[in-house]
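Here is how names work: the chains are called A, B, and so on, in the same order as the sequence lines, proteins then strands, and each is numbered from 1. Quick note: numbers below take in every heavy atom, side chains included, and nothing from hydrogens, waters or symmetry partners. Model, not experiment: these values are computed from the prediction.
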Number of protein chains: 2
Amino acid sequence: MAGDRGGTGGSEGMAVPRAAKTQRRTRIQEEKEERILDAALEVFSSNGFRGATIDQIAEAAGMSKPNLLYYFRTKEAIYRTLLESMLFTWLEPLKALDAEGDPEAEIRSYIRRKLEMSRDFPRESRLFANEMLQGAPHIEDDLTGPLKALVDEKAEVIRSWIKNGKIARCDPYHLIFAIWATTQHYADFDVQVCAVLGENRAGEGRFEDAARFLEQLFFEGLRPKKA
Amino acid sequence: MAGDRGGTGGSEGMAVPRAAKTQRRTRIQEEKEERILDAALEVFSSNGFRGATIDQIAEAAGMSKPNLLYYFRTKEAIYRTLLESMLFTWLEPLKALDAEGDPEAEIRSYIRRKLEMSRDFPRESRLFANEMLQGAPHIEDDLTGPLKALVDEKAEVIRSWIKNGKIARCDPYHLIFAIWATTQHYADFDVQVCAVLGENRAGEGRFEDAARFLEQLFFEGLRPKKA
DNA sequence: TGATAATTTGACCGGTTGGTAAAAACATAC
DNA sequence: GTATGTTTTTACCAACCGGTCAAATTATCA
């Protein structure tokens, strides 16, 4: 028989389509799910969870609404899948911050990588920002759990660098916040950045300018050198 | 007769209630409109434009939906009114940046004032952020018009300070972006900030810590002093 | 080929949403 | 009081939205 929804009680998984008989997904499943998630990223990231509609996502994915709902049972299932798979890659750069490396080089490359993510994955950044603005109702646990744990760990690394005199004394948490804020700004507030910069520097060059500026800001600050 | 909607063609104004006969608004109009705007700020700022419903706003304002629609003809009218009145106060601190003042003190106090706004008016900040995330469909013109003009003007001020050796050589536009990003982060990403800081420092003390950190970051950077 | 399972579609449903119509309630001036 | 204008309520609607259902279509493989 076709499909087995209707609360049969089994497979309360998540992104698994009705067809959980042959346990592994076919090529076509894999591909369709990916297309859905890509479309959903587009729609969710610019409208937020409540503002997005399944019809919008379905149309962006080039399929009918019931067809989409065959792969993901609910709108929320799509959203959660997206958010979770994103959170992982989103924290990669911070994970890569190496306690054994050269402090200044490590922070410098962290800033650079975060900025590259804003350039290359602005939708992901905006999705995340949208979720935050709404009070993170879907990922509160991740925030106080894995994310906090990771930040705590890296804050400790930074503190040790401070103790060794490798970087200036400062609050490591607010340092991390500042890096997040300044880099993600170029994805989340892209319209504003482009509007303000105008025709001249609004091209891709703005990311290079930003990188140059941020490296200077974070390491030298604004005070002029007393020559 | 009661009301005059129905496309009579007249008064295509905006926030003006049906009662545009006696040209000035009564005390009760003034008060109700304010209550609506306050409620709308609450709802819009945490759900975005599409995610917010008139019913939600009406309930938060303590009145029925049709009653609310008597003061503002459409959901969009409420939103636009809110956004415009907000944009003005939002740019006040930047307007106050004084070319004649001491450069370092001016920038320092700009950062402080922006941070205070994040602390005291987080809803306004989030409303603005929401609009930006969605590509600023309602205020595109303000962005490329008045806002760009103001930023251009202040960027020129900063450039002159650089020329006089008062602050380090840097891109004034990206400096302004960095100040916006770091300060607004504490309003827009409040959940994340609190989750990461945990019980200990998540109280109001976080704004003082942030202020201290940002002042150091912007003026001294992270490089340790060569004692 | 035919049996079987996977995928897609069109029609539909109950609830919500933005907004309207009309009349009732209230205030005010005379 | 009554006439006039303002504010509020009750009832309502058409469009939309998340999701379901049953049937039709297509892929898979013995």
Side-chain angles (χ1 to χ4, degrees), chain A residues 1-8 10-11 15-36 39-40 43-44 47-80, chain B residues 1-8 11 14-36 39-40 43-44 47-80:
Chain A
M1 113 272 292
D4 69 344
R5 65 194 83 86
T8 51
S11 67
V16 188
R18 329 310 211 227
K21 309 274 168 71
T22 46
Q23 51 219 66
R24 230 23 264 151
R25 30 277 310 271
T26 68
R27 238 59 43 80
I28 189 163
Q29 280 175 342
E30 206 96 39
E31 191 213 299
K32 286 284 168 80
E33 279 177 21
E34 202 178 306
R35 249 178 47 204
I36 292 170
V43 176
F44 279 131
N47 293 97
F49 179 73
R50 287 218 49 197
T53 74
I54 299 185
D55 294 84
Q56 277 178 304
I57 300 171
E59 195 194 320
M63 65 181 75
S64 69
K65 178 168 65 171
N67 196 185
L68 181 149
L69 286 165
Y70 171 73
Y71 292 99
F72 291 88
R73 273 212 283 269
T74 64
K75 180 179 166 183
E76 186 145 344
I78 310 174
Y79 189 69
R80 294 188 88 96
Chain B
M1 112 277 288
D4 70 345
R5 61 196 85 85
T8 52
S11 67
M14 178 102 309
V16 188
R18 328 307 211 231
K21 309 273 167 73
T22 47
Q23 51 220 66
R24 225 31 260 149
R25 29 277 309 273
T26 70
R27 238 60 43 81
I28 190 162
Q29 280 176 343
E30 207 95 40
E31 192 214 299
K32 287 284 168 80
E33 278 176 21
E34 203 178 306
R35 249 175 51 203
I36 292 170
V43 176
F44 279 131
N47 294 98
F49 178 72
R50 286 219 50 197
T53 75
I54 299 185
D55 295 83
Q56 276 178 305
I57 300 171
E59 195 194 319
M63 65 181 77
S64 69
K65 177 168 65 171
N67 196 186
L68 180 150
L69 285 165
Y70 170 73
Y71 292 99
F72 291 89
R73 272 212 281 271
T74 64
K75 179 181 168 183
E76 185 145 346
I78 311 173
Y79 188 71
R80 294 186 88 95

Every protein N/O within reach of nucleotides 11-17 of chain C N/O, cut-off under 3.5 Å:
from   : atom 1 : to      : atom 2 : distance (Å)
C:dT17 : OP1    : A:Arg50 : NH2    : 3.3

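Atom CZ in A:Arg73 sits roughly 12 Å away from atom P in D:dC21 (whole-Å rounding). Regarding A:Phe72, its CZ atom lies at a distance of 16 Å from the C1' atom of D:dG18, rounded to whole Å. Atom CZ of A:Phe49 is separated from atom C1' of D:dG18 by 10 Å (rounded to the nearest Å). Rounding to whole angstrom units, CD1 of residue A:Ile36 and C1' of C:dT7 are separated by 12 Å. Separating the CG atom of B:Leu69 from the C1' atom of D:dT9 is a distance of 13 Å, rounded to the nearest angstrom. Rounded to whole angstrom, the span from the CG atom of B:Leu68 across to the P atom of D:dT9 amounts to 12 Å. With rounding to whole Å, A:Tyr79 atom OH is found 20 Å from D:dG19 atom C1'. Atoms CD1 (A:Ile57) and P (D:dG19) sit 10 Å apart, rounded to a whole Å.
Between B:Ser64 and the phosphate of D:dT9, there is a side-chain N or O to OP1/OP2 separation shorter than 4.0 Å. Checking the phosphate oxygens (OP1, OP2) of D:dT7, a side-chain nitrogen or oxygen of B:Tyr70 falls inside 4.0 Å. At least one side-chain nitrogen or oxygen of B:Asn67 sits closer than 4.0 Å to the OP1 or OP2 atom of D:dT9. Side-chain N/O atoms of B:Gln29 include one lying less than 4.0 angstrom from OP1 or OP2 on D:dT7.
A 4.5 Å side-chain heavy-atom check between A:Ile78 and A:Phe44 finds at least one atom pair inside the cut-off. Side-chain atoms of B:Arg80 and B:Phe72, non-hydrogen and from C-beta on, never get closer than 4.5 Å to each other. Put simply, the side chain of A:Glu34 does not reach to within 4.5 Å of the side chain of A:Glu31, judged on heavy atoms.
The side chain of A:Tyr71 approaches C:dT8 more closely than any other nucleotide in the set C:dT8, D:dT7, D:dT20. Here the nucleotide nearest the side chain of A:Thr74, chosen from C:dT9, D:dT7, D:dG19, is D:dG19.
To the nearest 0.5 Å, atom OH of residue B:Tyr71 and atom CD of residue B:Glu33 are 8.0 Å apart. Rounding to the nearest 0.5 angstrom, the gap separating the CD atom in A:Gln29 from the OH atom in A:Tyr70 is 6.0 Å.
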Would you give me the side-chain donor-acceptor pairs under 3.5 Å for residues 50-69 of chain A, sequence neighbours excluded?
from    : atom 1 : to      : atom 2 : distance (Å)
A:Arg50 : NH1    : B:Gly51 : O      : 3.0
A:Thr53 : OG1    : A:Gln56 : N      : 3.0
A:Thr53 : OG1    : A:Gln56 : OE1    : 3.4
A:Gln56 : OE1    : A:Thr53 : N      : 3.0
A:Ser64 : OG     : A:Asn67 : N      : 3.3

